[in-house]
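Order of appearance sets the numbers: ligands from 1, and atoms from 1 within every ligand. Just so you know, these numbers use all the heavy atoms, side chains as well, and skip hydrogens, waters and symmetry mates.
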Amino acid sequence: MQPKTTTLDDLVSLAKRRGFVFQTSSIYGGLANSYDYGPLGTELLRNIKNLWWQKFIHQRPDMVGLDSQILLHPKTWMASGHTTAFNDPLVEDLTTQKRYRADHLIEEWQEKNNQTTDTSPEDMSVKAMDEYIIQHKIVSPDGNPVSAVKVFNLLFETSIGVVTGEKSKIYLRGETAQGIFSNFANISNSTRMQLPFGVGQIGKSFRNEVTTGQFVFRTLEFEQAEIEYFFDPETTDWQTLMESWKTAMWEFVTKDLHIAAKNLRWRKHTDTERSHYSMDTYDLDYKFPFGWKELWGIAYRTDYDLKQHQEYSGETLQATTTDNTRRFTPHVIEPAVGINRLFMMVLAEHYWEDTERSRTVLCLPRQLSPHSVAVFPLARNKPELIAAAKIIYQELLGKIPTTWDDRSNIGKRYLYQDEIGTPFCITIDYQTLEDNTVTIRNRDTTEQTRIGSNQILEYLAKKLDLAEEAVLG
Ligand code: ATP
């Protein structure tokens with residue numbers, strides 16, 4: 001039998017049922033393109049961020065971290081070009097007044113009508129999109145005619161202080177990158193970093209997105225993990241550097257997040273699609289339940305951003321060669337990913353309907369699982385079993401992410417832990433009281449092994465690939 005293909009509904013349903021993701025403000029009917037992360041989603045998100053930080057900041061001698069503000073000086077966004085060029089092409093349904101991304105409507109129409117050899121909307125100007133929509137009589141998802149294509153800026157505006165108007169206008173950041181560029185001199189002057197070096201940051205970004213129905217893939221508020229890697233273009237070959245960053249991204253996804261290579265592909269941006277400041281851009285795409293979509297982008301942004309900020313601020317944002325003979329504006333390569341897209345990919349990739357054993361399993365890599373182990377007393381109404389299980393639970397709690405469950409029967413507890421991705425379950429039963437052994441069950445194989453309770457930590461350290469000294473003390 002062919003394994004069932006995971007649908008978006010499967011993921012949304014599991015995420016809600018088990019407390020990974022909830023609709024934001026659900027008690028008020030929800031807020032479009034906004035989601036809250038529940039107790040388990042928060043842990044998964046945090047584990048992904050920690051892994052990213054560990055890989056790209058802590059384990060690299062050439063990287064440092066930054067935590068800049070969401071609200072930056074408004075000139076930042078003029079310098080970066082966001083106030084004028086950070087736009088999406090939108091059309092309005094003339095009956096319902098709902099807005100849609102024109103490029104998405106065209107893309108969906110092309111796929112549905114097998115017109116995939118036509119020019120991709122990524123490569124169309126606003127005028128070309130308009131003409132294409134008219135020529136093919138493309139309608140809204142509700143079947144109504146749509147307006148002409150208009151461009152809308154994605155930046156969220158707000159006001160600072162009590163006055164309103166141009167003077168107090170400020171933006172919620174549309175990307176974390178600009179906080180890195182504007183701190184370039186601060187970082188160079190306060191650290192011992194020498195080019196080439198990079199600065200990484202994880203933080204919230206905001207975009208006034210209109211597309212709905214893609215779950216956490218595209219939201220108004222999301223978390224970005226961005227790296228700006230600065231270098232001297234005279235001594236570092238950008239193509240080689242770009243390749244090495246592409247390799248690092250690929251390895252993170254395939255080795256650390258355990259994503260199958262068949263579900264990933266590189267896509268080079270065409271000349272029309274690429275941002276004006278970029279010399280070369282690639283997207284690392286993942287095969288999401290709704291098709292191939294951008295997971296992670298990498299762009300060679302040249303010295304565009306630092307030069308723009310120099311011009312708008314009047315400050316020097318340059319570097320000097322080690323022999324002090326040349327001053328120059330560093331160039332930059334930017335790998336930028338949304339943590340929430342990594343999260344959604346991880347859910348999609350590791351969701352498994354084990355039809356043979358009638359269960360749903362989240363086969364998360366052990367570093368990502370919200371809990372590494374669950375502890376159960378066989379029956380909840382036996383104080384001696386509870387007491388013995390509590391001792392084991394308490395001992396594990398300070399060392400490994402551990403959860404406790406004494407609700408319903410043991411079979412249901414296993415099913416629950418499988419669904420939330422807990423790799424091991426330990427059961428304390430009547431035999432434990434006699435010979436101090438417990439059963440330990442493996443999530444993926446459902447095999448149960450009997451071991452001495454004094455061997456649990458050693459067993460888990462080995463199976464979970466943890467540093468034994470940290471666990472065994
Ligand atoms: P897209 O084409 O999907 O709108 P983008 O090319 O505009 O994305 P970038 O500006 O390159 O995205 O941002 C870097 C990364 O941030 C993207 O690769 C993606 O992982 C993430 N990202 C961008 N917009 C959103 C969003 N609205 N919700 C969640 N993640 C996002």
inquiry  = As a test of reading the model: which residues have a non-hydrogen atom less than 4.0 Å away from ligand 1?
reply    = R207, E209, F217, R218, T219, F222, Q224, E294, L295, W296, G297, A336, V337, G338, R341
key: Polar side chain donor-acceptor pair, E226 to T176, under 3.5 angstrom   = yes
task = For K98 and D93, run salt bridge (Lys or Arg N to Asp or Glu O under 4.0 Å): C-alpha distance rounded to whole Å, both residues' side-chain angles, the deciding distance at 0.1 Å, then the answer.
result = CA-CA 5 Å; K98 280 195 220 157; D93 177 315; over 6 Å; no
task = Specify whether H331 and Y300 have parallel, tilted or perpendicular ring planes, treating 30° as the upper limit for parallel and 60° as the lower limit for perpendicular.
result = tilted
Salt bridge present between R301 and E175 (N-O < 4.0 angstrom) = yes
ask   = Any side-chain heavy-atom pair from E419 and V361 closer than 4.5 angstrom?
value = no
ask   = If you measure from the Lys or Arg side-chain nitrogens to the Asp or Glu carboxylate oxygens, is any gap between E131 and K127 under 4.0 Å?
value = yes
